[in-house]
Amino acid sequence: MPELPEVETYRRFIDELAVGQTITALEVLDAHVLATPPDQLRSALAGRTIKGTKRLGKNCFLELDNGQVLVLHFGMTGDVGAYRDAPDAPRFTRVALHLEDSGLRLAFIDPRKFGRIRLADSVAAYQQAKKLGPDALDITAAELQQKLGRRKTLLKPLLLDQSITAGLGNWIVDEVLFQAKIHPERLGVSLSDKEFQALHSAIQLVLATAIKQEANYRDFPASFLIHAREWDTSATPGTEAHKFCPRHPKVKIEKYYVGGRATYICPKCQPAPDALDAGAASKQRKHARAGAKADK
DNA sequence: ACCCATGTTCTTTG
DNA sequence: TCAAAGAACATGGG
């Protein structure tokens with residue numbers, strides 16, 4: 001579940017495990033997750049010492065003693081782990097770094113193999129190459145407003161766009177919009193100054209909370225929408241209360257799709273966009289329909 | 001057996 | 001050029 005808080009948790013793990021250690025070998029169990037050719041990666045890593053770690057959005061970086069960085073992106077199902085002997089490798093370990101002093105191996109675990117490992121010349125170079133915006137923990141309310149305030153696009157896809165701000169993923173955006181009491185289908189251009197402030201505060205609140213709990217969702221406050229997501233209720237069957245808004249015990253959380261992504265909202269807390277903004281969108285749909293009829 | 005899924009990137013369509 | 005929708009990726013789990 002690697003969105004920003006998970007990746008920050010992974011980074012801290014790696015920081016404790018690997019900083020100061022020298023890489024003795026790169027073990028490739030499945031080359032699919034390598035975005036840099038295996039041979040090139042091996043020669044670049046062997047004998048290098050890990051000087052520190054960094055994170056930008058959902059990306060984690062291991063800083064090498066020659067200035068280069070090893071970039072880890074965890075896709076949808078990536079994780080990290082540590083083990084000593086080969087038979088103890090966690091299930092779905094795809095790549096492992098052998099560490100000299102501790103004799104441990106740092107595992108890159110990824111069942112679905114959407115994750116990637118690559119070499120880059122610096123964090124900044126990678127950020128530029130991938131067109132990543134400022135980290136979601138660093139972006140200011142003013143920057144957010146400047147980037148979104150003229151966009152006639154649905155708010156949810158905008159917040160998921162890593163080039164606007166990096167680190168927000170599907171559940172976090174839902175949580176942020178719920179906390180900010182803004183509907184995911186509002187257009188960027190329709191938000192008031194006050195709403196941008198609320199949006200920014202909500203991003204800070206959700207990320208800080210998630211990082212504090214090391215991204216263990218079930219430890220999040222009861223005021224969070226996340227408890228309404230199916231993967232929570234499925235773990236505790238029959239808990240119907242989870243399906244209701246934390247602020248309105250009688251209002252059911254609605255699930256539907258926005259920009260192709262599963263989206264959860266409280267219809268009372270997050271009123272649907274009206275004529276002022278996404279009226280434009282519904283008008284467009286009407287025109288399209290009328291046009292289609294006229295064509296026949 | 002079928003459907004869903006936390007992310008990214010490309011293609012298609014309007 | 002922009003915006004939206006869909007597909008593709010690879011695979012496990014409900």
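Naming convention: chains lettered A, B, ... in sequence-line order (proteins, then strands); numbering from 1 in each chain.
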J.: For F114(A) and dC9(C), say yes or no: do the ring centres fall under 5.5 Å of each other while the ring planes differ by less than 30°?
T.: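 Ring-base stacking flag set for F114(A) and dC9(C).
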J.: From the options dG12(C), dT8(B), dA5(B), select the nucleotide whose nearest atom is closest to the side chain of M76(A).
T.: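 It is dA5(B).
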J.: Classify the ring geometry between W171(A) and Y217(A) as parallel (under 30°), tilted (30 to 60°) or perpendicular (over 60°).
T.: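 Aromatic pair W171(A)/Y217(A) classed perpendicular.
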J.: Both A262(A) and L160(A) contact DNA chain B. Which one's nearest nucleotide lies toward the 5' end?
T.: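 On the 5' side of the pair lies A262(A).
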J.: Measure CH2/W171(A) against C1'/dG7(B) and give the value in whole Å, please.
T.: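 Spelled out: CH2 on W171(A) to C1' on dG7(B) is 15 Å.
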J.: Does K152(A) have a side-chain nitrogen or oxygen under 4.0 Å from the phosphate oxygens OP1 or OP2 of dA4(C)?
T.: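 It does not, given that no N or O in the side chain of K152(A) lies less than 4.0 Å from OP1 or OP2 of dA4(C).
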J.: Remember a base hit wins even if backbone is also touched, and classify F92(A) as base, sugar-phosphate or nothing at under 4.0 Å, heavy atoms.
T.: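 Sugar-phosphate: the residue F92(A), judged by heavy atoms under 4.0 Å, touches backbone atoms but no base.
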J.: For dT8(B) and dG13(C), measure between their C1' atoms and round to the nearest Å.
T.: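 Their C1' atoms lie roughly 22 Å apart.
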J.: Grab the CD1-C1' distance between I164(A) and dC2(C) for me, whole Å please.
T.: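 Atom CD1 in I164(A) sits about 13 Å away from atom C1' in dC2(C).
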J.: Classify the side chain of R151(A) and the base of dA3(C) as holding, or not holding, a donor-acceptor pair under 3.5 Å.
T.: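 Checked by distance alone, the answer is no.
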J.: Looking only at the side chain of L154(A) (C-beta and beyond, no hydrogens), which of the listed nucleotides dA10(C), dA4(C), dT8(B) gets closest?
T.: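 My answer, after comparing the listed nucleotides, is dA4(C).
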J.: Take the protein atom CD of E6(A) and the nucleotide atom P of dA5(B), then report the distance between them rounded to whole Å.
T.: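 Taking CD of E6(A) and P of dA5(B), I get 17 Å after rounding.
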J.: Run the salt bridge (Lys or Arg N to Asp or Glu O under 4.0 Å) test against D65(A) and tell me which residues pass, sequence neighbours left out.
T.: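 Expected list: R48(A).
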J.: Regarding G260(A), tell me which of base, sugar-phosphate or nothing describes its non-hydrogen contacts under 4.0 Å with the strands shown.
T.: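 Nothing, no heavy atom under 4.0 Å.
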J.: Which nucleotide, dT9(B), dG12(C), dC4(B), lies nearest any side-chain atom of K130(A)?
T.: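 Among the listed nucleotides, the one closest to the side chain of K130(A) is dT9(B).
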J.: Between dG12(C) and dT9(B), how far apart are the P atoms? Round to whole Å, please.
T.: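 It comes out at 23 Å once rounded to the nearest Å.
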J.: Does T153(A) have a side-chain nitrogen or oxygen under 4.0 Å from the phosphate oxygens OP1 or OP2 of dA4(C)?
T.: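 Yes, because at least one side-chain N or O of T153(A) sits under 4.0 Å from OP1 or OP2 of dA4(C).
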J.: Please determine, by modelled atom types, if T263(A) and K255(A) share a side-chain donor-acceptor pair under 3.5 angstrom.
T.: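 No, K255(A) and T263(A) have no side-chain donor paired with an acceptor closer than 3.5 Å.
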J.: Is the distance between the ring centroids of F61(A) and Y126(A) less than 6.0 Å?
T.: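 Ring centroids of F61(A) and Y126(A) are less than 6.0 Å from each other.
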J.: Compare side-chain N and O positions of Q162(A) against OP1 and OP2 of dG7(B) and report whether any pair is under 4.0 Å apart.
T.: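 Answer no for this pair, as no side-chain N or O of Q162(A) is under 4.0 Å from OP1 or OP2.
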J.: Taking Watson-Crick and G-U wobble pairs with both distances under 3.5 Å, convert DNA chain B into its dot-bracket string, 5' to 3', dots for unpaired and | for cross-strand pairs.
T.: .||||.||||||||
J.: For residues K130(A) and N59(A), is any side-chain donor paired with an opposing acceptor at under 3.5 Å?
T.: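 Distance-only check fails for K130(A) and N59(A).
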J.: Does K181(A) NZ have over 12 foreign heavy atoms under 6.0 Å away?
T.: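 12 or below, so no.
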J.: Let me see the working for R55(A) and D135(A) under salt bridge (charged side-chain N to carboxylate O under 4.0 Å, His left out), right down to the final yes or no.
T.: CA-CA 9 Å; R55(A) 183 193 56 72; D135(A) 190 83; 2.6 Å; yes
J.: What integer distance in Å separates K113(A):NZ from dC9(C):C1'?
T.: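 Answer to the nearest Å: 11 Å.
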J.: Output the single nucleotide from dA10(C), dG7(B), dG12(C) whose closest atom is nearest the side chain of P111(A).
T.: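 Minimum distance to the P111(A) side chain belongs to dG12(C).
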J.: State whether a side-chain donor-acceptor pair under 3.5 Å links E214(A) with Y10(A).
T.: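 Side chains of E214(A) and Y10(A): no pair found under 3.5 Å.
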J.: In whole Å, I'd like the distance from the CG atom of D79(A) to the C1' atom of dA5(B).
T.: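 It is 16 Å, rounded to the nearest whole Å.
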J.: For the pair made of CZ in R91(A) and C1' in dG12(C), what is the distance, rounded to whole Å?
T.: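 Atom-to-atom, R91(A) to dG12(C), this comes out as 8 Å.
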J.: Provide, to the nearest angstrom, the distance between the NE2 atom belonging to H32(A) and the P atom belonging to dG12(C).
T.: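 The answer, rounded to whole Å, is 13 Å.
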J.: Taking 4.0 Å as the cut-off, does a side-chain nitrogen or oxygen of Y257(A) come that near to OP1 or OP2 on dA4(C)?
T.: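 For dA4(C), neither OP1 nor OP2 has a side-chain N or O of Y257(A) closer than 4.0 Å.
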J.: Grab the CD-P distance between E3(A) and dA5(B) for me, whole Å please.
T.: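 Interatomic distance, CD of E3(A) to P of dA5(B): 14 Å.
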